[in-house]
Amino acid sequence: MAKEVDAFDAIVIGSGISGGWAAKELCEKGLKTLVLERGRNVEHLKDYPTAMMDPWEFEHRGQMTEKFKEKNPIISKAAGFGEDTAHFFIEDEDHPYIQEKPFDWIRGYQVGGRSLTWGRACQRWSDNEFKAPARDGYGIEWPIGYEDIAPWYSHVEKFIGVCGNEDGIDAMPDGNFLPPFEFNCVEQHMQDKISEHYPDRHLVQGRWAQLTQPQDIHLKQGRGRCQSRNLCMRGCPFGGYFSSVSSTLPWAEKTGNLTIRPFSVAHSIIYDEQTGKASGVKVIDTNTKEELIFSTSLIFVNASALNSTLILLNSKSNRFPNGLGNDNGLLGRYVCFHLYRGWAGGRLEGFKDKYYYGRKPSEPILANYRNLYENNMDFVGGYTTFTGAYRTRKEKVNEGNRPQIGADFKKALTEAGDWHIYMYMQGETIPKKTNRVYLSKNKTDDWGIPLLVTDVDYDENDEKMINDFLKQSREMLEKIGCKDIYANDNEQAPGLDIHEMGGVRMGNDPETSLLNKWNQMHECKNVFVTDGACMASTGNQSPSILYMSLTARAADYAAELFKKGEL
Ligand SMILES: Cc1cc2nc3c(=O)[nH]c(=O)nc-3n(C[C@H](O)[C@H](O)[C@H](O)COP(=O)(O)OP(=O)(O)OC[C@H]3O[C@@H](n4cnc5c(N)ncnc54)[C@H](O)[C@@H]3O)c2cc1C
């Protein structure tokens, strides 16, 4: 029997990128807020054990052992996963799910969620991305447009600190930026060549959540300037990049209105048939396995796209036998992701007298140039290209079977080799009813919660987009002057992009969507879902800053309703 414990004005489920923002906004507006987090606590500075370690201080020089990789085939594939960051990722067997089709679900269960390990790319969506799905017939109409979210992008950018350049291009609107990182000489050469050969393609500085020039608001958060160490995923002792742990959560805590409860898995949302609203959250304490109930009149679901969907599917009542708000049967449907299968690169001769200083933690971006104003390709949607140029160590090191030992090897390591350029895509995918997640009927996790089943796959549109990316990238690399060009489809499973979206999508029509334009459930007005689950389509920009902006906007609206007693 679940024990009723405590009541709060608001409950936020999940303390990652979006949950941190919900907590900050609600606490600042005076609501006593409980944040439920299934993982352990992570405290800024104190819990970054590898942040200041040198490569030789790691037992396996940064690599995971073969034994670990065999036992953890999914998480071992994640970008940035290694001996230095493993403590911020889960282990596969602790958190099983069922893959009806291959799907790599990459998770970080701790206070801060994946805000600790994210890549920090922060482009705004263009108006085109909001309009294209309905215009080109591959999605429903978004209930909001760029003009609705633009002020909230600014609100978020100013607080987290996003560096970048004002480039004035349609595909990626400008924001409130700190100074950008600089191109190195080859990246500058790439920009010159691309604009010479393709006037409609724009290679610009990365827009990244990195404090290149901290402002007063960042100093007040106790954060300082990015040191260009590019070791962000270990947690930054300087607070140089944005995470919930370094920024939104401590800010919320300072208001005196925040309670964070780690080791607390949200099992389900409790629905009160009499009031027609959610009345609280059922939680399992992961240490004691005790069932607890926390009451509230406002719930923000921010457990990340698939976990938020899971919680709602598991929130069954007489009124909602198929999951909270699921009258139309679409909860768990229209799951989508970003297409990361195309990679290309090459070697560039010359520029041998040039090098660069520091390890830039951002990457240049080639803004989307496909289907921008109309659908004029044989596929729908667009893709962003991340790119960059770097020098390897002297090539001699890897020549033939030369032993990786001895004086020659040591000397070669101290000399710079050729320049190399890489490009990879981040493509839009079509939200499809057939791409779905649902609850297992007979398998549960350690806490008695049904396992999630993923039934998500690529389609023909994806294949056409990949081919276009590979062809175009090869052509651009040739024009830039590269040799030894490669352009490959890495054939990775969906999910490894770590940009899973959908499942509880927004829309104007309750027949075809679960959330209204305020991220509020059509059928249960005191529940808001503001993480990736709410996405009606994927766009081609890195998504997290949109989740943060949607969260801040929804929290503002919800707090008003709360104050008026309308929740
Ligand atoms: C290596 C890597 C690189 C990335 N690069 C980028 C990038 O450059 N740009 C970008 O925009 N995005 C990037 N992402 C994606 C980004 O991290 C996610 O989009 C973002 O973290 C999602 O925020 P969220 O709040 O939805 O979920 P998360 O940050 O994952 O947080 C969810 C939280 O909810 C908790 N939780 C889950 N289930 C429950 C439950 N039942 N009860 C209680 N708590 C629960 C989890 O433990 C977690 O703390 C990257 C991710 C990774 C891992």
Side-chain angles (χ1 to χ4, degrees), residues 11-23 34-42 75 77-82 85 88-90 95 104-125 162 206-210 232-233 241-245 248-249 260-269 281-284 286 300-312 314-315 337-338 340 361-363 365 384 386 426 445 447 449 452 495-501 529-535 539 541-548 550-551:
I11 294 180
V12 177
I13 304 175
S15 65
I17 283 190
S18 61
W21 263 92
L34 171 68
V35 173
L36 295 167
E37 168 53 53
R38 68 186 301 155
R40 69 189 166 97
N41 194 25
V42 172
I75 207 71
K77 286 187 234 168
F81 180 83
T85 57
F88 291 146
F89 291 85
I90 59 149
H95 300 286
D104 293 324
W105 190 13
I106 304 300
R107 288 158 290 165
Y109 289 167
Q110 62 263 320
V111 167
R114 292 176 297 181
S115 76
L116 286 157
T117 52
W118 72 312
R120 310 163 310 280
C122 270
Q123 315 84 252
R124 289 184 178 205
W125 270 42
V162 176
R207 295 167 179 188
W208 242 248
Q210 227 76 26
C232 319
M233 289 181 184
Y241 79 104
F242 166 81
S243 75
S244 312
V245 169
T248 41
L249 291 173
I260 303 188
R261 194 173 203 281
F263 301 113
S264 306
V265 185
H267 170 282
S268 52
I269 292 170
V281 181
K282 179 169 154 184
V283 169
I284 318 280
T286 62
F300 266 67
V301 191
N302 295 97
S304 80
L306 300 190
N307 269 317
S308 290
T309 307
L310 190 163
I311 293 165
L312 294 171
N314 202 33
S315 302
F337 52 92
H338 270 150
Y340 260 72
S362 72
E363 292 171 315
I365 299 173
T384 292
F386 292 103
Q426 180 172 282
D445 65 13
W447 303 281
I449 298 171
L452 194 71
L496 200 55
D497 42 282
I498 328 185
H499 290 177
E500 63 280 2
M501 294 175 231
V529 183
T530 63
D531 59 19
C534 76
M535 300 289 278
Q541 313 298 350
S542 310
S544 305
I545 190 158
L546 182 51
Y547 308 162
M548 296 188 242
L550 288 167
T551 303

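Everything numeric here is computed off the predicted structure, so don't read it as measured data. Just follow the structure's listing: the first ligand is 1, and inside any ligand the first atom is 1.
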Chemist: With a cutoff of 4.0 Å, is Gly80 in contact with ligand 1, counting heavy atoms of the residue only?
Modeler: no
Chemist: Against heavy atoms of Tyr109, which atoms of ligand 1 measure under 4.0 Å?
Modeler: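 Those atoms are 46 (C), 47 (O).
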Chemist: As a quick check of understanding, evaluate side chain to side chain donor-acceptor pair (under 3.5 Å) for Asn302 and Ser18, giving each step before the final call.
Modeler: CA-CA 6 Å; Asn302 295 97; Ser18 61; 3.0 Å; yes
Chemist: For Ala78, state whether at least one heavy atom is located under 4.0 Å from any atom of ligand 1.
Modeler: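 The answer is no, since Ala78 has no heavy atom less than 4.0 Å from ligand 1.
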Chemist: Numbering the atoms of ligand 1 from 1, which are under 4.0 Å from a heavy atom of Val265?
Modeler: 41 (N), 42 (N)
Chemist: In terms of atom number and element, which parts of ligand 1 are under 4.0 angstrom from non-hydrogen atoms of Leu36?
Modeler: 43 (C), 44 (N)
Chemist: Examine the proximity of ligand 1 to His499 and report which part, side chain or backbone, both or neither, has a heavy atom under 4.0 Å away.
Modeler: side chain
Chemist: Identify, by atom number and element, the atoms of ligand 1 in contact range of Ala79, meaning under 4.0 Å from any of its heavy atoms.
Modeler: 1 (C)
Chemist: Counting only heavy atoms, tell me which of Met548, Glu363, Met233, Arg38 gets closest to atom 44 (N) of ligand 1.
Modeler: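 Shortest heavy-atom distance from atom 44 (N) of ligand 1: Arg38.
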Chemist: Go through ligand 1 atom by atom and flag the ones less than 4.0 Å from a non-hydrogen atom of Gly14.
Modeler: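 It comes down to these atoms of ligand 1: 33 (C), 34 (O), 35 (C).
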Chemist: Is it the side chain (CB and beyond), the backbone, both or neither of Tyr547 that lies under 4.0 Å from ligand 1, heavy atoms counted?
Modeler: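 Contact part for Tyr547 vs ligand 1: side chain (C-beta onward).
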Chemist: Minimum heavy-atom separation for Gln210 and Cys232, please, with both atom names.
Modeler: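 For Gln210 versus Cys232, the nearest heavy atoms are NE2-SG, 3.3 Å.
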Chemist: Considering non-hydrogen atoms of the protein only, which is the closest contact for atom 23 (O) of ligand 1, and what is the distance?
Modeler: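 For atom 23 (O) of ligand 1, the nearest protein heavy atom comes out as Ile17 CB, 3.5 Å.
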Chemist: Using heavy atoms and a threshold below 4.0 Å, how should the contact between Ile311 and ligand 1 be classified: side chain, backbone, both, or neither?
Modeler: side chain
Chemist: State the atoms of ligand 1, each with its element, that fall below the 4.0 Å cut-off from a heavy-atom position in Pro543.
Modeler: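 Under 4.0 Å from Pro543, ligand 1 has these atoms: 10 (C), 11 (O).
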Chemist: If the cut-off is 4.0 Å to any non-hydrogen atom of Asp531, which atoms of ligand 1 fall inside it?
Modeler: 26 (O)
Chemist: Nearest 0.5 Å please: distance from the CG atom of Leu312 over to the CD1 atom of Ile13.
Modeler: 7.5 Å
Chemist: Any donor-acceptor pair under 3.5 Å linking the side chain of Thr551 with the backbone of Trp21?
Modeler: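 No; zero donor-acceptor contacts below 3.5 Å.
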Chemist: Nearest non-hydrogen contact with atom 51 (C) of ligand 1 belongs to which option: Ile498, Ile545, Ile75?
Modeler: Ile498
Chemist: Out of all atoms in ligand 1, which are within 4.0 Å of some heavy atom of Gly108? Include the element for each.
Modeler: 47 (O), 48 (C), 49 (O)
Chemist: Quick one: look at Ser264 and ligand 1, take heavy-atom pairs under 4.0 Å, and tell me if it's side chain, backbone, both or neither.
Modeler: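 Backbone only; the side chain of Ser264 stays clear of ligand 1.
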Chemist: Working to the nearest 0.5 angstrom, can you tell me the gap between Ile449 CD1 and Leu310 CG?
Modeler: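 With rounding to 0.5 Å, CD1 (Ile449) is 7.0 Å from CG (Leu310).
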Chemist: Using atom types as modelled and distance alone, determine if a side-chain donor or acceptor of Gln110 lies under 3.5 Å from a backbone N or O of Phe88.
Modeler: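 Yes, Gln110 side chain to Phe88 backbone: donor-acceptor pair under 3.5 Å.
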Chemist: Any idea which heavy atoms bring Ser15 and Val35 closest together, and the distance?
Modeler: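 Ser15 and Val35 have their closest heavy atoms at CB-CG1, 3.7 Å.
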Chemist: What protein heavy atom sits nearest atom 30 (O) of ligand 1, and how far away is it?
Modeler: Arg114 NE, 2.8 Å
